[in-house]
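Here's the structure we're looking at; comments come further down.
Residue numbers run from 1 in the order of the sequence given. What you see is a predicted model, and the numbers here were worked out from it, not measured in a lab.
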Amino acid sequence: MHRNRKAAPRARTARLACCALLATATALVGCERGSSDGADETATGPSGCPDVQAGARAAVTRAERTGIPWGGPTSGPEAVSGRTIVYVAQTMTNPGVAGAANGVREAARVIGWNVRVIDGQGTPAGIQAAMSEAVALRPSGIVIGGFDPDSTAQQAARANAQRIPLIGWHAVPEPGPSRRPDLFTNVTTRVQEVARISAQWIISDSDGRAGVVLITDASIPFARNKSDLIRKELTRCRGVRLLSVENIPIPDASSRTPREISSLLSRFRDRWTHSVAINDLYFADAAPAFRAAGEKGSGPPYNIGAGDGDPSAFQRVNSRQYQAATVPEPLSLQGWQIVDEFNRAFSGRPASGYTAPVHIATAGNSEGATTWDPSGYREAYRKIWGK
């Protein structure tokens, strides 16, 4: 928790409360009109949400625990030899996509397979071309790394026809096997849990009184679904006000985010107390704009990344530089899991059914860390594979 830095300046708190009181009295559209996509800006009073707060605080405390032991598979088929995997990446500028790819490479070296990564460059045409190239290579298996398989339906159908197993990473909303689209399995944390705990962190951290900016990439169905779930969870607390939903495509983040952050600071000023983004990378690009505006790295708006948890996110969190928390994906573990799932597919075995738990990393529980993974997964998979 963050009680040691809870106190935003009293003037900020007073102004936020005053704004909420004014909107309650008028019962109109709140203190600020308009948002980037019609976000609900109705203020709902300064009294917070005691019952919701209590549940959020308990959930956050559980999610902040460290040293989580391995809870995944401990048995499975021994390593099949001589396989080649192609990892088709939505864009390697997405730290989550790149982190999972690195995990696949690491695990493949252990199990004795070859891996090729093809970068889709974050555009529909680039992703389709990358997927076409992957199928033409006739590999043993293809990873759909962070994009909607329906966007490459023709290529996926050719892979299915050639009996090339497809495994998704954040490809569809739910973990596990998928029939439409046809995936042997999809490796991800449960997006509902990630969205819920991200919103609960804001509710807990703000004592149920917050002005929130939500950043998403609506071009990615997985990301859009996550931001919709975050938005829904935030509405459970009547003292939390959604100021704006910003749609910034991940490939455009470096160019657009600083400009949008500057505009938001000008629009909302002290009313903006917290931010949540579907990917940590937005806060890397936001930091220069916050710094240029004179905002303190350890002060409001307090930012949480609802996903990925790459090393730079941990660095910002641990140094208290424009990011207070992240809900990190266990990226290396997920790469190893992808390799294990392929090994099960090649051996005629079903998918493992494993889904990693959610975790919140803050400066208080992740000092010195650069990633997060449950302990013991490498040893477990080596033992399964006989390596």
Side-chain angles (χ1 to χ4, degrees), residues 73 76-92 94 96-98 100-188 220-222 334-355 381 384-385 387:
E78 290 190 2
V80 175
S81 62
R83 300 305 168 106
T84 297
I85 302 302
V86 175
Y87 186 105
V88 180
Q90 180 253 349
T91 170
M92 289 295 281
N94 181 328
V97 172
N102 289 337
V104 169
R105 289 185 178 116
E106 181 186 30
R109 285 194 294 270
V110 172
I111 204 171
W113 296 351
N114 296 315
V115 174
R116 178 171 176 178
V117 175
I118 304 177
D119 191 345
Q121 305 293 330
T123 67
I127 292 167
Q128 289 177 6
M131 192 66 176
S132 293
E133 182 180 352
V135 175
L137 290 171
R138 293 183 175 270
S140 308
I142 297 173
V143 183
I144 295 176
F147 61 91
D148 181 3
D150 287 340
S151 68
T152 58
Q154 292 182 351
Q155 294 88 340
R158 289 201 296 271
N160 294 152
Q162 295 174 25
R163 297 189 177 182
I164 300 171
L166 303 177
I167 290 180
W169 180 85
H170 286 213
V172 294
E174 295 295 330
S178 170
R179 297 190 65 179
R180 295 184 181 179
D182 189 358
L183 305 178
F184 179 75
T185 195
N186 182 53
V187 175
T188 178
I220 303 173
F222 186 93
Q334 289 174 339
W336 281 66
Q337 183 182 350
I338 287 168
V339 169
D340 182 66
E341 302 290 5
F342 273 125
N343 194 53
R344 292 169 190 270
F346 301 151
S347 302
R349 301 281 289 274
S352 72
Y354 175 66
T355 303
Y381 283 129
I384 291 170
W385 302 336
K387 296 291 183 176

Heavy-atom side-chain contact between V97 and F147 under 4.5 Å: no
Flag, side chain of Q90 to backbone of I127, donor-acceptor distance under 3.5 Å: no
Over all atoms of both residues, closest heavy-atom pair of A351 and P177: CB-CG, 4.1 Å
Nearest-0.5 Å distance that lies between atom CD1 in I144 and atom OH in Y87: 11.0 Å
S140 side chain vs T84 backbone, donor-acceptor pair below 3.5 Å: yes
Nearest-0.5 Å distance that lies between atom CD1 in I167 and atom CD1 in I85: 7.5 Å
Short side-chain to backbone donor-acceptor contact, S347 and R344, under 3.5 Å: no
Geometric cation-pi criterion, R83 with F342: 6.0 Å, 45°: no
Sidechain-backbone polar pair: W113 side chain, V80 backbone, donor-acceptor under 3.5 Å: yes
Closest non-hydrogen atom pair, P77 against W385: O-CD1, 4.1 Å
Closest approach of N186 to W169 (non-hydrogen atoms, all atoms of both residues): OD1-N, 3.8 Å
Full working for side chain to side chain contact (heavy atoms under 4.5 Å, CB included) between Q154 and S132: CA-CA 9 Å; Q154 292 182 351; S132 293; over 6 Å; no
Minimal non-hydrogen separation, P73 against D340, with atom names: CG-OD2, 4.4 Å
Derivation and outcome, side chain to side chain contact (heavy atoms under 4.5 Å, CB included), residues V110 and V339: CA-CA 10 Å; V110 172; V339 169; over 6 Å; no
Heavy-atom check, side chain of L166 versus side chain of N160, under 4.5 Å: yes
Intermediate values then yes/no, side chain to side chain contact (heavy atoms under 4.5 Å, CB included), E133 and V86: CA-CA 10 Å; E133 182 180 352; V86 175; over 6 Å; no
Any donor-acceptor N or O pair under 3.5 Å, side chains E341, S352: yes
Interatomic spacing from CZ in R109 to CG in N114 - rounded to 0.5 Å: 11.5 Å
Closest non-hydrogen atom pair, T91 against G122: CB-N, 3.6 Å
Side-chain donor or acceptor of D148 paired with backbone N/O of P221 under 3.5 Å: no
Nearest heavy atoms of V117 and R105, plus distance in Å: CG2-NH2, 3.3 Å
Spatial distance of atom CE (M92) from atom CG (N94) [nearest 0.5 Å]: 9.5 Å
D150 (side chain) donor-acceptor with P181 (main chain) under 3.5 angstrom: no
Short side-chain to backbone donor-acceptor contact, Y381 and K387, under 3.5 Å: no
F346 side chain reached by P165 side chain, heavy atoms, under 4.5 Å: yes
Under 3.5 Å donor-acceptor, E106 side chain and W336 backbone: no
Spatial distance of atom CD (Q334) from atom NE2 (H170) [nearest 0.5 Å]: 5.0 Å
From CZ (F184) to CZ (R349), nearest 0.5 Å: 10.0 Å
